[in-house]
Amino acid sequence: MAVCKDERKVVMSSSPSKTVQTVNQRALIGKLKRFGGGMRRLFELALLPPDSSQSLFGAFTSEPLDRREIQTYCEWKVQTCFRNLNRGQRKRTKRRIIYILPIGPFPEALLEPFPEMDMTLFELIANFVGIFFQGMKAKLVDKVNFIDINCRQRIHAVTGKLQLLVSDVLYYLKTCLPSDGFCVVGLTWVDLYPSEEWNFVLGESSCLDGCAVMSFGHFEPQSYSINKLNEVQLYRKDLTLLSDGTDFDDQSGSVYIESDHNISANLRDFAGIKCVDKQKIWRLLRVASHEICHLFGMSHCAYFACAMNESKSILQAENQPLFLCPVCLRKLQKALGFDVVERYKDLCSFLNSFISLNDCGKETLDGKFMSAIYWLNTMLMFIEDKR
């Protein structure tokens with residue numbers, strides 16, 4: 001097993017928007033000799049400060065992470081080697097199928113194909129996962145209902161949302177991972193919560209067990225006013241919208257339920273959901289790619305604005321990039337061995353397909369999709385030395 005002898009020193013400035021890094025190239029991004037000139041230049045952008053004129057990656061602007069949470073390429077590689085000392089882990093990492101399991105119930109609109117694409121939302125997500133994690137094949141499996149999973153549930157006392165205990169869902173997913181699967185990813189419209197003290201969680205994953213689950217029920221807050229939800233998100237601690245968790249001070253408590261009657265009553269707002277707009281699709285792509293990256297052993301990123309940045313609200317998660325910074329891209333490329341240029345071209349083609357998509361009858365400027373396409377084209381020009 002290779003052991004990294006390089007060291008990396010990180011000094012956090014007093015400002016959360018700046019990270020002063022003293023880096024050793026080999027520790028941060030590993031050896032680059034096998035890459036061509038354009039790819040070497042891409043990965044070496046990790047050595048430049050984000051505000052450099054040559055940088056194509058934005059600055060990390062979230063709260064600084066603990067040093068122990070910051071993961072260089074070399075640290076990721078060593079941690080992967082240790083996990084692979086376990087025979088089961090070693091066998092699983094050689095598999096090349098990501099299974100996607102819808103956990104219902106869902107609004108009927110989600111089960112209907114988009115007319116412009118001739119595919120359902122779940123097929124669209126599977127298509128995206130197969131491109132983002134090039135080298136893997138994404139397979140949809142038949143939908144199950146959460147009532148058959150035998151997981152604990154509660155009704156949130158303030159939002160009135162039905163919530164499922166995420167650890168119970170993960171345990172179920174662990175038990176149903178097919179023998180040829182690298183991982184299984186559960187998608188549910190029902191809200192999730194990680195423990196009694198926490199408000200909710202957008203998604204959670206277990207690298208060791210090869211499973212992840214994400215909810216997009218909080219993207220459609222039918223049981224609670226959208227305006228109130230956004231206001232609460234900004235100003236009230238008891239309803240801070242969490243993706244990884246902070247303290248939760250709601251003293252009103254939650255109602256735990258057992259009867260099918262109560263469950264049905266708290267899902268009645270599904271009938272009002274007629275379509276899925278582009279904003280929700282963007283959020284789904286963001287959360288899905290982030291959680292599956294965790295299954296490859298990738299920690300949260302604090303080097304640049306990156307798809308692996310930690311998020312503590314829906315708005316924060318939505319506004320983070322869809323793409324990986326050079327440090328995180330180096331990890332995923334090592335894990336899957338894809339051609340970076342081919343992957344970027346395929347992602348660009350995939351995102352272009354959304355421009356003609358009817359956005360639930362709303363006029364939209366496709367801002368996030370257009371910005372992502374522009375960034376991909378700029379990156380391709382940079383690699384090909386045309387920039």
Side-chain angles (χ1 to χ4, degrees), residues 1-2 28-36 38-40 42-43 45-46 57 71-84 86 88-100 125-140 177-185 203 205-212 214 285-301 303-304 306-308 321-351 372 376 379-380 383:
M1 179 180 64
L28 187 61
I29 52 177
K31 295 180 180 179
L32 302 176
K33 289 182 180 179
R34 70 183 182 88
F35 294 103
M39 288 307 307
R40 279 202 304 273
L42 186 158
F43 290 126
L45 289 176
F57 297 90
Q71 183 192 56
T72 65
Y73 166 79
C74 191
E75 289 166 336
W76 168 83
K77 188 175 179 181
V78 170
Q79 290 163 11
T80 300
C81 288
F82 274 114
R83 279 194 302 274
N84 288 346
N86 178 286
Q89 288 291 314
R90 190 164 61 250
K91 289 175 64 177
R92 188 173 65 80
T93 56
K94 294 179 181 179
R95 301 169 188 162
R96 285 294 179 263
I97 300 178
I98 296 174
Y99 283 96
I100 298 176
I125 294 171
N127 190 14
F128 168 75
V129 168
I131 297 171
F132 194 95
F133 299 95
Q134 203 163 87
M136 288 282 180
K137 183 177 181 179
K139 281 189 176 182
L140 269 177
L177 174 64
S179 59
D180 61 348
F182 169 75
C183 66
V184 58
V185 180
S205 58
S206 171
C207 179
L208 291 177
D209 295 326
C211 57
M214 59 207 71
L285 303 183
R286 276 280 305 114
V287 175
S289 54
H290 179 99
E291 293 300 332
I292 297 175
C293 277
H294 281 314
L295 297 180
F296 288 90
M298 296 166 60
S299 298
H300 287 137
C301 177
Y303 297 109
F304 297 90
C306 172
M308 289 310 293
L322 183 62
F323 308 113
L324 299 170
C325 76
V327 180
C328 295
L329 179 65
R330 180 75 174 93
K331 301 171 189 176
L332 191 62
Q333 195 282 329
K334 175 65 176 178
L336 295 176
F338 51 69
D339 182 296
V340 173
V341 171
E342 181 181 345
R343 176 176 174 271
Y344 277 162
K345 288 179 178 179
D346 289 346
L347 282 169
C348 191
S349 177
F350 174 83
L351 294 174
L376 285 167
M379 183 58 71
L380 288 167
I383 296 172

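Just so it is clear, the structure is predicted and the values come from calculations on it, not from any experiment.
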**OP:** Mind telling me whether Phe296 and Phe133 have parallel, tilted or perpendicular rings, with 30° and 60° as the class edges?
**Re:** parallel

**OP:** Give, for atom CG of Leu336 and atom CD of Gln134, the distance between the pair rounded to the nearest 0.5 Å.
**Re:** 9.0 Å

Original post:
Given side chains that start at C-beta, do those of Lys334 and Thr80 come closer than 4.5 Å, heavy atoms only?
Top reply: no

Original post:
Which atom names give the shortest non-hydrogen contact between Ile98 and Ile292, and what distance separates them?
Top reply: CD1-CG2, 4.1 Å

**OP:** Apply side chain to side chain contact (heavy atoms under 4.5 Å, CB included) to Lys137 and list each qualifying residue two or more places apart in sequence or on a separate chain.
**Re:** Lys139

Original post:
With sequence neighbours excluded, what pairs up with Tyr344 under the ring-ring contact (aromatic ring centres under 6.0 Å, His included) test?
Top reply: Trp375

Original post:
Taking only residues two or more places apart in sequence or in another chain, which ones pass ring-ring contact (aromatic ring centres under 6.0 Å, His included) with Phe43?
Top reply: Phe35

Original post:
What residues form a salt bridge (Lys or Arg N to Asp or Glu O under 4.0 Å) with Asp346, not counting sequence neighbours?
Top reply: none

**OP:** Check whether any side-chain heavy atom of Cys306 lies under 4.5 Å from a side-chain heavy atom of Val327, and answer yes or no.
**Re:** no

**OP:** Please report the closest heavy-atom contact between Met379 and Leu42, naming both atoms and the distance.
**Re:** SD-CD1, 3.7 Å

Subject >> Inter-residue atom distance Arg90.CZ - Cys81.SG, 0.5 Å rounding >> reply: 11.0 Å

Original post:
Going from CZ on Phe132 to CG on Leu285, what distance comes out if it is rounded to the nearest 0.5 angstrom?
Top reply: 10.0 Å

Original post:
How would you list, by chain and number, every residue that makes a side-chain hydrogen bond (donor to acceptor under 3.5 Å, both in side chains) with Arg343, sequence neighbours excluded?
Top reply: none

Original post:
Going from CD1 on Ile125 to CE on Met214, what distance comes out if it is rounded to the nearest 0.5 angstrom?
Top reply: 8.5 Å

Original post:
Are the side chains of Leu380 and Val341 in touch, meaning some heavy atoms are under 4.5 Å apart?
Top reply: yes

Original post:
Can you tell me if Arg92 uses its side chain to pair, donor with acceptor, with the backbone of Phe182 under 3.5 Å?
Top reply: yes

**OP:** Not counting sequence neighbours, which residues clear side-chain hydrogen bond (donor to acceptor under 3.5 Å, both in side chains) with Ser289? List them please.
**Re:** none

**OP:** Give me the ring orientation class for His294 and His290: parallel if the planes are under 30° apart, tilted from 30 to 60°, perpendicular past 60°.
**Re:** perpendicular

**OP:** Of all the heavy-atom pairs spanning Leu351 and Ala372, show the shortest one and how long it is.
**Re:** CD1-CB, 3.7 Å

**OP:** Mind checking side-chain hydrogen bond (donor to acceptor under 3.5 Å, both in side chains) for Arg95 and listing every partner two or more places apart, or none if nothing turns up?
**Re:** none

**OP:** In sequence, state the C-alpha distance, the side-chain angles, and the governing distance for Thr72 and Tyr303, and then conclude on side chain to side chain contact (heavy atoms under 4.5 Å, CB included).
**Re:** CA-CA 9 Å; Thr72 65; Tyr303 297 109; 3.3 Å; yes

Original post:
Side-chain contact, heavy-atom cut-off 4.5 Å: Leu332 with Phe338?
Top reply: yes

Subject >> Chi angles and distances behind the side chain to side chain contact (heavy atoms under 4.5 Å, CB included) call for Cys325, Cys301 >> reply: CA-CA 9 Å; Cys325 76; Cys301 177; 3.6 Å; yes

Subject >> By side chain to side chain contact (heavy atoms under 4.5 Å, CB included) - contacts of Ser299 (at least two apart) >> reply: Gln71

Subject >> Full working for side chain to side chain contact (heavy atoms under 4.5 Å, CB included) between Leu45 and Phe304 >> reply: CA-CA 10 Å; Leu45 289 176; Phe304 297 90; 5.8 Å; no

**OP:** Please report the C-alpha distance between Val340 and Met39 in whole Å, then the side-chain angles of each, then the deciding distance to 0.1 Å, and finally whether the side chain to side chain contact (heavy atoms under 4.5 Å, CB included) criterion is met.
**Re:** CA-CA 8 Å; Val340 173; Met39 288 307 307; 3.4 Å; yes

Original post:
Got a sec, which residues hit side-chain hydrogen bond (donor to acceptor under 3.5 Å, both in side chains) with Asp209, two or more places apart in sequence or on another chain?
Top reply: Ser206

Original post:
Roughly how far apart are Ile29 CD1 and Gln333 CD, rounded to 0.5 Å?
Top reply: 12.5 Å

Original post:
How far apart are the closest heavy atoms of Cys211 and Leu295, and which atoms are they?
Top reply: O-CD2, 3.4 Å

Original post:
What heavy-atom pair brings Ala307 and Arg286 nearest, and what distance separates the two atoms?
Top reply: O-NH1, 3.4 Å

Subject >> Counterpart residues, side chain to side chain contact (heavy atoms under 4.5 Å, CB included), relative to Asp180 (two or more places apart) >> reply: Ile97, Tyr99, Pro178

Original post:
Which heavy-atom pair separates Gly130 from Ala138 by the least distance, and what is that distance?
Top reply: N-CB, 4.0 Å

**OP:** Can you sort out the partners of Cys207 under side chain to side chain contact (heavy atoms under 4.5 Å, CB included), two or more places apart, ordered by chain and number?
**Re:** Arg83

Original post:
Could you give the distance from OH (Tyr73) to CZ (Arg330), rounded to the nearest 0.5 Å?
Top reply: 4.0 Å

Original post:
Short question: side chain of Ser349, backbone of Lys345 - any donor-acceptor pair under 3.5 Å?
Top reply: no

